[in-house]
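Have a look at the structure below, then the notes.
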Amino acid sequence: MLNDPRSHGLWEKTAPQPPATAPLTASVQADVVVVGGGYTGISSALHLAEAGSKVVLLEAKEIGFGGAGRNVGLINAGMWVMPDDLPGVLGPVHGERLLDMLGNAPRLVMELIAKHDISCELETNGTLHCAVGSEGLKEIENRAAQWGKRGAPVTVLDAAETARRIGSDAYAGALLDMRAGTLQPLAYARGLARAAVQAGVSLHTASPVIATERQGGKWVVRTEQGTVTADWIIVATDAYSTGPWEQVRTEQVHLPYFNLATTPLGDNLRKSILPGREGVWDTKEILSSFRMDQAGRLVFGSVGALRNTGTAVHKGWAQRSLRKLFPQIGEVEFECEWYGKIGMTDNALPRFHKFADNVVGFSGYNGRGIAPGTVFGRTLAEHILGRISEAELPLPLTDPREPGFRALKEMWYEAGAQVAHFADARF
Ligand SMILES: Cc1cc2nc3c(=O)[nH]c(=O)nc-3n(C[C@H](O)[C@H](O)[C@H](O)COP(=O)(O)OP(=O)(O)OC[C@H]3O[C@@H](n4cnc5c(N)ncnc54)[C@H](O)[C@@H]3O)c2cc1C
């Protein structure tokens, strides 16, 4: 995107075109102005417009420019925090409410895809959280038991069944989560945007919000060439936040994450590697993820930034790792490479912020924003429509707070991933 082949890689290559949009160049009125053209912003705009609100969505660059166009495409149910721990972290009311909402969030994604006929390579065969060694196995058994007692359709597969589904005997087992799946993330964002425009949203790209001010009980939101006067502002800028909501970005520690897509695998390899097309990640601290796209390209990712020395180190590691995981794969050729920044919070949970009266937003999905962003976008719409009070939201209201040593931690993540990948999978 914006002439950078390492920003959105394969997803930009294979996504259907976005709806036609233009920058905001006038002064307009709306009920709600939504800032940010990712899942959170587009979902909130779509649901508000469907309920009859007049909505203007302003995106700084292009639809899906942030995490929405760069991610792995795993439609996860839940967060990293163990289900039983959530009520302890958030309190029993918010904890159980969040678990319930996130557990059901993939279903909303799938329903929206069906309802709006979004072409985004949706696969509904579940995800496999693969256990590395006995510690990894304990972790997934624990997670499965905690979800299981809440009625979630999760199963622990043994090593043999995991090997059959993955095409590799590297794992001690896997947690199969049938609520989850995979999609083409940029195609999903663009499809949602098309649905929003059809529902009546005025969507402007290349329109970064640079300032806001209160005038006569309304908000005036400024871009370089226009203004929107509205009752409400939704801030849906997350890790790519610029302009007036710098706090959204500075309360997060950014974790770089890259993906490499092979050329389409041949028929025999496709029969042995992920024949069921589940989305996969493992229990390692520096985790790896992989999944197939519709054309049979294997998309392989891990922590790290594809810049400076990182590009060669991570690509070399990925080639070695793939050959080790899948000895049958032979020579590996990558067709696309890209990376982005994942916004991590100090307790690995998202945030609800009220920046001022009638200025609200969710952010901080810790690398799990497809389903949560979609459902939280709908929740923001319901809140503004008066259907959900602040007390009924899935997260408590918090103020953005910058974590200590943020910049240092970000440098450490990027450098640490290089050191680890330089050494890993050599023997
Ligand atoms: C490499 C990577 C892998 C990931 N893998 C997964 C995964 O497999 N599964 C999963 O569920 N999640 C994953 N995630 C996380 C997921 O992509 C994000 O959580 C999700 O995109 C957040 O959606 P959002 O709409 O809140 O924000 P974004 O999608 O980041 O959208 C925010 C938008 O706001 C715009 N913006 C910022 N400032 C302004 C401004 N001042 N004016 C106007 N617009 C502005 C940005 O340009 C951007 O387009 C991954 C993320 C990355 C980077």
Side-chain angles (χ1 to χ4, degrees), residues 1-2 6-9 11 23-24 33-45 56-79 102 105-106 109 127 180-183 185-186 188-189 192-193 204-212 221-224 228 233-246 248-249 252 254-259 279-281 287 289-291 299 301-306 338-345 350-351 361-377 380:
M1 234 178 246
L2 303 178
R6 288 211 180 109
S7 65
H8 297 74
W11 306 139
L24 178 74
V33 54
V34 176
V35 186
Y39 308 126
T40 312
I42 307 170
S43 170
S44 63
V56 174
L57 189 153
L58 301 173
E59 161 54 45
K61 312 269 191 202
E62 294 179 37
I63 293 301
F65 177 79
R70 305 166 190 254
N71 64 64
V72 182
L74 303 168
I75 317 168
N76 295 305
M79 287 281 148
L102 296 184
V109 171
T127 50
T182 63
L183 48 63
L186 181 60
Y188 174 53
L192 267 188
H204 298 280
T205 47
S207 302
V209 171
I210 51 175
T212 63
V221 173
R222 294 188 189 286
T223 65
E224 262 157 32
V228 187
I233 305 175
I234 287 180
V235 180
T237 52
D238 199 37
Y240 285 80
S241 200
T242 59
W245 299 286
E246 177 70 6
V248 173
R249 184 265 173 275
Q252 303 176 348
H254 284 176
L255 180 77
Y257 200 92
F258 68 87
N259 279 289
V280 181
W281 72 100
L287 64 84
S289 54
F290 47 96
R291 41 102 21 122
V299 178
S302 184
V303 178
L306 299 182
W338 69 101
Y339 73 106
K341 45 195 186 188
I342 295 180
M344 312 291 286
T345 57
R351 297 288 189 265
F362 284 106
S363 52
Y365 301 109
N366 291 271
R368 308 200 128 204
I370 298 175
T374 306
V375 78
F376 284 176
L380 286 170

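Heads up: numbering here begins at 1 and tracks the sequence. In listed order, ligands and their atoms are each counted from 1.
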Item to complete: Any side chain to side chain donor-acceptor pair (under 3.5 Å) involving residues 33-44? Give me the pairs, sequence neighbours left out, ordered by first then second residue.
Response: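 As it turns out, the side chain to side chain donor-acceptor pair (under 3.5 Å) pairs with a partner in residues 33-44, which skip direct neighbours, are Tyr39-Asn71, Thr40-Tyr365, Ser43-His47.
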Practice prompt. List for me each residue that meets salt bridge (Lys or Arg N to Asp or Glu O under 4.0 Å) alongside Arg222, sequence neighbours excluded, and say none if there are none.
Written response: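 Once residues adjacent in sequence are excluded, the partners of Arg222 under the salt bridge (Lys or Arg N to Asp or Glu O under 4.0 Å) criterion are Glu213.
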Practice prompt. Identify, with sequence neighbours excluded, every residue that meets salt bridge (Lys or Arg N to Asp or Glu O under 4.0 Å) alongside Arg70.
Written response: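 So Arg70 forms no salt bridge (Lys or Arg N to Asp or Glu O under 4.0 Å) with any residue.
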Practice prompt. Say whether Ser7 and Tyr339, considering side chains only, have a donor N or O and an acceptor N or O under 3.5 Å apart.
Written response: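 Judged by distance alone, the side chains do not pair up.
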Worksheet entry | Within-4.5 Å side-chain heavy-atom neighbours: Gln252 and Ser363 |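 Yes, side chains in contact.
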Could you go through ligand 1 and note, for every N or O atom, any protein N or O atom closer than 3.5 angstrom, writing the atom names and distance to 0.1 Å, or 'none'?
{"from": "ligand 1", "atom 1": "5 (N)", "to": "Val72", "atom 2": "N", "distance (Å)": "3.2"}
{"from": "ligand 1", "atom 1": "8 (O)", "to": "Gly73", "atom 2": "N", "distance (Å)": "3.3"}
{"from": "ligand 1", "atom 1": "8 (O)", "to": "Leu74", "atom 2": "N", "distance (Å)": "3.1"}
{"from": "ligand 1", "atom 1": "9 (N)", "to": "Leu74", "atom 2": "O", "distance (Å)": "2.8"}
{"from": "ligand 1", "atom 1": "11 (O)", "to": "Leu74", "atom 2": "O", "distance (Å)": "3.3"}
{"from": "ligand 1", "atom 1": "11 (O)", "to": "Gly369", "atom 2": "N", "distance (Å)": "2.9"}
{"from": "ligand 1", "atom 1": "11 (O)", "to": "Ile370", "atom 2": "N", "distance (Å)": "2.9"}
{"from": "ligand 1", "atom 1": "12 (N)", "to": "Gly367", "atom 2": "O", "distance (Å)": "3.1"}
{"from": "ligand 1", "atom 1": "12 (N)", "to": "Gly369", "atom 2": "N", "distance (Å)": "2.9"}
{"from": "ligand 1", "atom 1": "17 (O)", "to": "Gly67", "atom 2": "O", "distance (Å)": "3.1"}
{"from": "ligand 1", "atom 1": "17 (O)", "to": "Asn71", "atom 2": "ND2", "distance (Å)": "3.1"}
{"from": "ligand 1", "atom 1": "19 (O)", "to": "Gly369", "atom 2": "N", "distance (Å)": "3.4"}
{"from": "ligand 1", "atom 1": "21 (O)", "to": "Ala68", "atom 2": "N", "distance (Å)": "2.9"}
{"from": "ligand 1", "atom 1": "25 (O)", "to": "Tyr39", "atom 2": "N", "distance (Å)": "2.9"}
{"from": "ligand 1", "atom 1": "25 (O)", "to": "Thr40", "atom 2": "N", "distance (Å)": "3.0"}
{"from": "ligand 1", "atom 1": "25 (O)", "to": "Thr40", "atom 2": "OG1", "distance (Å)": "3.4"}
{"from": "ligand 1", "atom 1": "26 (O)", "to": "Thr40", "atom 2": "OG1", "distance (Å)": "2.7"}
{"from": "ligand 1", "atom 1": "29 (O)", "to": "Ala68", "atom 2": "N", "distance (Å)": "3.0"}
{"from": "ligand 1", "atom 1": "30 (O)", "to": "Gly67", "atom 2": "N", "distance (Å)": "3.0"}
{"from": "ligand 1", "atom 1": "38 (N)", "to": "Thr242", "atom 2": "N", "distance (Å)": "3.0"}
{"from": "ligand 1", "atom 1": "38 (N)", "to": "Thr242", "atom 2": "OG1", "distance (Å)": "3.2"}
{"from": "ligand 1", "atom 1": "41 (N)", "to": "Val209", "atom 2": "O", "distance (Å)": "3.2"}
{"from": "ligand 1", "atom 1": "41 (N)", "to": "Thr242", "atom 2": "O", "distance (Å)": "2.9"}
{"from": "ligand 1", "atom 1": "41 (N)", "to": "Thr242", "atom 2": "OG1", "distance (Å)": "3.2"}
{"from": "ligand 1", "atom 1": "42 (N)", "to": "Val209", "atom 2": "N", "distance (Å)": "2.9"}
{"from": "ligand 1", "atom 1": "44 (N)", "to": "Ala60", "atom 2": "N", "distance (Å)": "2.9"}
{"from": "ligand 1", "atom 1": "47 (O)", "to": "Glu59", "atom 2": "OE2", "distance (Å)": "2.7"}
{"from": "ligand 1", "atom 1": "49 (O)", "to": "Glu59", "atom 2": "OE1", "distance (Å)": "2.7"}
{"from": "ligand 1", "atom 1": "49 (O)", "to": "Glu59", "atom 2": "OE2", "distance (Å)": "3.2"}
{"from": "ligand 1", "atom 1": "49 (O)", "to": "Gly66", "atom 2": "N", "distance (Å)": "3.3"}

Discussion item. So if I apply the side-chain contact (heavy atoms from CB on, under 4.5 Å) rule between Leu74 and each of Ile370, Leu183, Thr182, Val280, which one comes out positive?
Written reply: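 Passing option: Thr182.
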